[in-house]
Amino acid sequence: MAASAAKAGAAGLRRAASAICLGARRPPCRELSAPARLYHKKVVDHYENPRNVGSLDKTSKNVGTGLVGAPACGDVMKLQIQVDEKGKIVDARFKTFGCGSAIASSSLATEWVKGKTVEEALTIKNTDIAKELCLPPVKLHCSTPPTLNTCLSDE
């Protein structure tokens with residue numbers, strides 16, 4: 001009889017301990033992370049509302065395509081332009097796999113090249129895009145002019 005009372009007592013203690021543990025409030029977890037880097041509002045705007053996403057008909061004679069990867073971080077950017085018979089860029093599209101800075105840079109580049117001639121578009125530098133988006137120097141490689149130059153030379 002003492003053995004069965006001990007078993008019942010042990011089972012009761014387990015149930016009580018479980019109830020206490022399950023009902024107890026847990027302290028919030030403390031995450032270990034690096035300090036947050038905040039993107040400038042222009043980057044966030046172009047990232048959340050990218051302009052000119054998509055593709056143009058790459059078989060068209062007046063469409064140039066540039067595809068560039070950034071080995072530093074794994075970004076891949078495809079930029080396409082459509083040029084009219086006078087050499088003016090009438091449309092631009094992009095697809096980018098990468099960070100917010102790369103997506104924002106591609107979006108901005110498509111806005112900037114529309115309406116320009118190919119020669120004018122070739123003057124756009126990655127530092128111009130980085131400055132407009134307020135990118136830190138560590139994100140300079142994310143801006144799009146290498147893709148833009150490849151795209152314009154394909155035209």
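Annotation: the span from I124 atom CD1 to T127 atom OG1 amounts to 11.0 Å, rounded to 0.5 Å. Here the straight-line distance linking atom CD1 of I81 with atom NZ of K88 works out to 13.5 Å at 0.5 Å rounding. With rounding to the nearest 0.5 Å, the separation of CD1 in I103 from NE2 in H46 is 12.5 Å.
A search for salt bridge (charged side-chain N to carboxylate O under 4.0 Å, His left out) contacts involving K95 returns nothing, not counting sequence neighbours. Legend: residues meeting salt bridge (charged side-chain N to carboxylate O under 4.0 Å, His left out) with K116, ordered by chain and number and at least two apart, are absent. Judged as a salt bridge (charged side-chain N to carboxylate O under 4.0 Å, His left out), and not counting sequence neighbours, the contacts of R51 are D45, E111.
Counting only heavy atoms from C-beta outward, the side chains of D91 and K114 approach each other to under 4.5 Å. Two residues are said to be in side-chain contact when any heavy atoms from C-beta on lie closer than 4.5 Å; K78 and T65 meet this criterion. Counting heavy atoms from C-beta outward, D75 and F97 have side chains that stay 4.5 Å or more apart.
Of all heavy-atom pairs spanning L108 and L133, the tightest one is CD2-CG, 3.8 Å. Smallest separation of non-hydrogen atoms from V118 and V83: CG2-CG2, 4.2 Å.
Judged purely by atom type and a 3.5 angstrom limit, N62 has no side-chain atom pairing as donor or acceptor with the backbone of D84. Between the side chain of S105 and the backbone N or O of S101, at least one donor-acceptor pair lies under 3.5 Å.
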